[in-house]
Amino acid sequence: MDYFTTTSNAARRAVDCVIVGIYDRGKLGVAAADIDAASNGTLQRLYKRGDLSGQLGRCAVLNDLPGVRAPRVAVVGLGKVSKFSSRQFQRALAVALGTITQTRSKSVLNALTLETGDDASAYYLGRYTAQAVGDALYRFTEMKSGKKKPGPALRQVGLSIVKRGDAKRAMRGTEHGDAIVEGMNLAKDLGNLPPNVCTPSYIARTAQKLARKHKKITARVLNETEMKRLGMHSLLSVTAGTNEPAKLIVLQYKGTTGAKPVVLVGKGVTFDSGGISLKPPPGMDEMKFDMCGAAGVIGTLATVAKLNLPINVNVVVPAVENLPSGLATKPGDIVKSMSGKTIEILNTDAEGRLILCDALTYSRRFKPEVVIDVATLTGACVIALGHHRTAVMSNNDSLSADLISAGIAAEDRGWPMPIGEEWAVTLKSNFADLANMGTREGGAIIAGCFLAKFTDGMSWAHLDIAGTAWKSGKLKGASGRPVPMLSEFLLARCGALP
Ligand code: BES
Ligand code: MN
Ligand code: ZN
């Protein structure tokens, strides 16, 4: 996407469409007031008539306004003045872009302002705009046959800035935003692909392709024989019932010398049937999204590499398919994990933790500064937090706080959940060192406690993205989360933010 900045009056800019905002009760935003003045009070008149609304989520496109150079003006509702912040800005912008991409507009000027007034606001104006544009333009049509409908025509996006001095920061925001979009699109594509295409081998090839694209990334893919040699019997127990070979995918991005890496571990279950503890049929197709943790960490690495960040980041993806068969792992089976701990598998549907614990143990060889695992780990997490917040659990309060604030800044929010002995006791087994399932109550926390047992001495956080990685229903599709949160976290860590 092509971006530019402008300080000129929105009425005088020759673009195909201008986006302006109107608050609740008809108060016009700065650019809306300019358009109104240039067109002899048309916006105020239309508002009084009831044809324009200040409600958040509403949008009207006005054509050929007198005195306005752009042939289209998208007037978008911003909600209450007192409630307006970056969140409402992003909602409104998404709605406006959704409407505009239905027109043949090639160029648009986003004349909405963040109006927080601080130094970072020009940067985030650029960031949020690029991310909203990326979301509005994303299509997944790879699997459709027949003649492809042409996608949106949008090629050029302008940002209204308050003063010339903001231009550089705003453009930097768009550059970062574009890189985040690239990472999110990769994550969305991997998530949306069907499970007969997006297998562990497919994810491995995608990772290798990413490494070929960027000099600073190296890829290594371990096969089942190599994993067996490492003692990853917990991971391997999950793949026992399928013919799809499991892969342990390792990517290393070297952006600086001497620094310990941040290690990102992503759950890559390319289809989770539950195994012998088979899931019920309704909605089972959505278990193709059970590799969205893997997609999220690979996507984040794509963003990091695109921005050439001065930081070291490693990605570890245990990729498997979880199916039942005559060879599948059974409830009651006991396996030895790479850490040496034995695990009684009470439920073969609690497979995420079985592959992640070995991936976390493997991560120790990198002597990481921090380890963050990302996983669609529990249905219980969706019950606890719904679809808007990623659960954040950690053995390090400041790491957890950093992830939460990164989520706020990137508008990809997380929420802290506890871990501790009170919950962990439910993982006791009469026969092995621990069981892979505890009580139903607090299921997301108990899963976190299971992983915590494999992270002694490491600074570790766990993101349960079960509720946030994809949308169901009519808008079914991968969300690209938590690429924005993780990218923000890494950008902040290497001092690349204003
Ligand atoms: N991949 C699922 C978790 C999941 C379910 C994510 C629904 C999103 C929507 C995971 O492997 C799983 O099946 N977890 C079980 C654990 C239980 C058996 C302890 C669950 O949440 O029911
Ligand atoms: Mn499962
Ligand atoms: Zn799963």
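Heavy atoms only: backbone and side chains are in, while hydrogens, waters and symmetry mates are out. One-based numbering, in listed order, for ligands and for the atoms of each.
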J.: Consider every N or O of Lys267 and every N or O of ligand 1, then say whether any pair is closer than 3.5 Å.
T.: yes

J.: What atoms in ligand 1 come closer than 4.0 Å to a heavy atom of Trp470?
T.: 8 (C), 9 (C)

J.: Counting non-hydrogen protein atoms only, what is the nearest one to atom 9 (C) of ligand 1? Give residue, atom name and distance.
T.: Met287 CE, 3.6 Å

J.: Given Trp460, which of Ile372, Val265, Leu360 fulfils the side chain to side chain contact (heavy atoms under 4.5 Å, CB included) condition?
T.: Leu360

J.: Hey, is the Mn ion (ligand 2) within less than 2.8 Å of some N/O/S atom on Asp272?
T.: yes

J.: So, is Glu351 placed with an N/O/S atom under 2.8 Å from the Zn ion (ligand 3), counting both backbone and side chain?
T.: yes

J.: Quick one: does Arg353 get a heavy atom under 4.0 Å from ligand 1?
T.: yes

J.: Looking at Ala466, which atoms of ligand 1 are within less than 4.0 Å of one of its heavy atoms?
T.: 6 (C), 8 (C)

J.: Looking at Gly379, which atoms of ligand 1 are within less than 4.0 Å of one of its heavy atoms?
T.: 3 (C), 4 (C), 5 (C), 20 (C), 21 (O)

J.: Under 4.0 Å, counting heavy atoms only: does Phe450 come that close to any atom of ligand 1?
T.: no

J.: Under the 4.0 Å line, does any protein heavy atom show up next to atom 22 (O) of ligand 1?
T.: no

J.: Hey, is NZ on Lys144 packed in by over 12 heavy atoms from elsewhere, all under 6.0 Å?
T.: no

J.: With a 4.0 Å cut-off on heavy atoms, is Arg440 in contact with ligand 1?
T.: no

J.: Distance under 4.0 Å to a non-hydrogen atom of Met437: what atoms of ligand 1 satisfy this?
T.: 19 (C)

J.: Which residue and atom name correspond to the protein heavy atom nearest atom 10 (C) of ligand 1, and how close is it?
T.: Leu377 O, 3.3 Å

J.: What atoms of ligand 1 come closer than 4.0 angstrom to any heavy atom of Lys279?
T.: 12 (C), 13 (O)

J.: What's the OD2-the Zn ion (ligand 3)-NZ angle here (Asp290, Lys267), rounded to 10 degrees?
T.: 90°

J.: Would you check the N or O atoms of Asp349, main chain and side chain alike, for any that come under 3.5 Å of an N or O of ligand 1?
T.: yes

J.: Within the structure, does Glu351 bring an N/O atom to less than 3.5 angstrom of an N/O atom in ligand 1?
T.: yes

J.: Between Phe140 and Tyr138, what is the ring plane arrangement, given parallel below 30°, perpendicular above 60°, and tilted in between?
T.: parallel

J.: Please say whether more than 12 non-hydrogen atoms of neighbouring residues, nucleotides or ligands are located less than 6.0 Å from CZ in Arg440.
T.: no

J.: For atom 18 (C) of ligand 1, which protein heavy atom lies nearest, and how many Å away is it?
T.: Asn347 ND2, 3.5 Å

